[in-house]
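Comments concern the structure below.
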Amino acid sequence: MKLSLPYHSVYNAAGCRCTTATDLDELNQSMADAILTKSCTLDPRVGNPNPKYYDNGTNSINCNGLENMGYASYLQWYKNNRPNKPFILSVAGLSVEDNITIIRAAQEASVDAIELNLSCPNLQGTPISYDLDEFNTVLNEIIFYADIKVPFGLKLPVYNNPTELKRVAKMIDLRSDYISFITCSNSLPNGIVYDSTRQPIVSRVLGGCGGGPLMKSIILGQVYQFRQCLPNIDIIACGGMTTIDDIKDAWTAGANHCQVGTSLMVQGTEIFDKLKYD
Ligand code: RRO
């Protein structure tokens with residue numbers, strides 16, 4: 001099923017000012033074209049110890065660790081508020097079974113779309129979407145058992161190896177009856193930022209990095225390569241989108257919509273006023 005968003009939508013990236021009910025209220029009142037939740041699990045999670053986020057105004061690092069209210073609270077917020085813009089649930093269950101349970105409940109609640117996140121950089125071991133055999137198996141199971149009937153997409157990690165990217169594109173193409181969009185991309189895993197006393201700035205030392213012109217170049221490359229392989233799928237650019245020119249670059253590379261992450265963290269929801277254009 002096709003994603004139904006206003007043409008060239010601009011909205012928040014999962015994880016950025018979308019974790020609490022107050023965050024969702026603010027997104028609802030903002031000029032964002034849609035509301036995407038923090039990636040949710042079956043049960044609420046407090047995530048990693050603080051500090052788990054840092055930015056220097058341009059680049060960010062996080063080791064959030066999937067802090068979230070639990071899927072039921074996001075669906076409850078949706079039920080209570082009925083926003084007059086699309087509501088997208090980001091799903092990051094800790095097992096195939098959890099993902100199936102959450103996706104089924106989200107469909108029952110008539111969310112507008114589901115973005116499945118199998119690319120969190122801050123959990124133990126290899127993110128599923130980097131282990132392509134495992135990714136293939138997990139997608140088969142989720143699609144088979146979750147009975148997908150709302151617009152459904154994948155939040156992908158950065159694939160620097162073009163052969164790997166093409167293999168992922170093929171996996172998506174084979175499931176194009178179910179997967180209608182992809183979001184390129186999650187943060188870059190396992191960076192380090194030290195403070196002025198040479199201490200790691202986030203509690204787990206390593207974290208996912210995002211924001212800024214370098215990230216934007218990487219993301220434009222991901223969008224461009226996936227667009228060549230997947231002419232009919234919706235592609236959402238996410239990473240280093242700060243100005244209208246960045247967003248126009250994303251359309252040029254082949255994106256349909258854009259998500260804003262670090263710049264939303266830095267500037268707050270007012271960034272969506274600035275990113276409106278005709
Ligand atoms: O919660 C996180 O640590 C996190 C997630 Br789920 C994700 O997908 N990307 C990220 O940078 N952080």
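One-based numbering, in listed order, for ligands and for the atoms of each. Atom set for the values below is all heavy atoms of this structure, side chains included, hydrogens, waters and symmetry mates excluded.
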Could you find the nearest protein heavy atom to [atom] and give me its residue, atom name and distance?
atom: atom 4 (C) of ligand 1; answer: Cys120 SG, 3.7 Å
atom: atom 11 (O) of ligand 1; answer: Ser187 OG, 2.6 Å
atom: atom 12 (N) of ligand 1; answer: Asn62 OD1, 3.0 Å

Can you confirm, on distance only, whether ligand 1 has an N/O atom lying under 3.5 Å from any N/O atom belonging to [X]?
X: Leu66; value: yes
X: Asn186; value: yes
X: Ser39; value: no

- Inspect the surroundings of NZ in Lys52 and state if more than 12 heavy atoms from other residues, nucleotides or ligands are less than 6.0 Å away. yes

- Query: Should we say atom OH of Tyr178 is surrounded by more than 12 heavy atoms from elsewhere, each under 6.0 Å from it?
  - Reply: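 Open: at most 12 neighbouring heavy atoms sit under 6.0 Å from OH of Tyr178.
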
- Item | Donor + acceptor pair across side chains of Asp25, Thr22 (<3.5 Å) |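 Checked: Asp25/Thr22 side chains show no N/O donor-acceptor pair below 3.5 Å.
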
- Asn64 and Arg45: side chain donor to acceptor below 3.5 Å: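 Absent: no donor and acceptor within the cut-off.
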
- Query: Is there a donor-acceptor pair under 3.5 Å between the side chain of Ser90 and the backbone N or O of Lys38?
  - Reply: no

- Applying a 4.0 Å heavy-atom criterion (strictly less than), which segment of Lys38 is in contact with ligand 1: side chain, backbone, both, or neither?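 The side chain, only.
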
- Within reach of ligand 1, part of Asn117 (heavy-atom separation under 4.0 Å):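 Just the side chain.
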
- Positive for side-chain hydrogen bond (donor to acceptor under 3.5 Å, both in side chains) with Asn136, one of Arg175, Lys170, Glu141: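 For Asn136, the side-chain hydrogen bond (donor to acceptor under 3.5 Å, both in side chains) test succeeds with only one of Arg175, Lys170, Glu141, which is Arg175.
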
- Winner among Cys16, Gly15, Pro121 once heavy atoms are compared against atom 10 (C) of ligand 1: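 Answer by nearest heavy atom: Pro121.
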
- Task: Would you tell me which option among Asn48, Asn122, Asn68 has the nearest heavy-atom contact to atom 3 (O) of ligand 1?
- Result: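 Looking at heavy atoms only, the winner is Asn122.
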
- Numbered atoms and elements of ligand 1 in range of Asn64, under 4.0 angstrom, heavy atoms: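 Ligand 1 atoms under the 4.0 Å threshold to Asn64: 1 (O), 2 (C), 3 (O).
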
- With heavy atoms of Gly65 as the reference, note each atom of ligand 1 found under 4.0 Å away.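 Once the distances to Gly65 are compared, the set is 1 (O), 2 (C), 3 (O).
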
- Query: Using 4.0 Å as the upper bound for N to carboxylate O, is an ion pair formed by Arg167 and Asp133?
  - Reply: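 Salt bridge: yes.
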
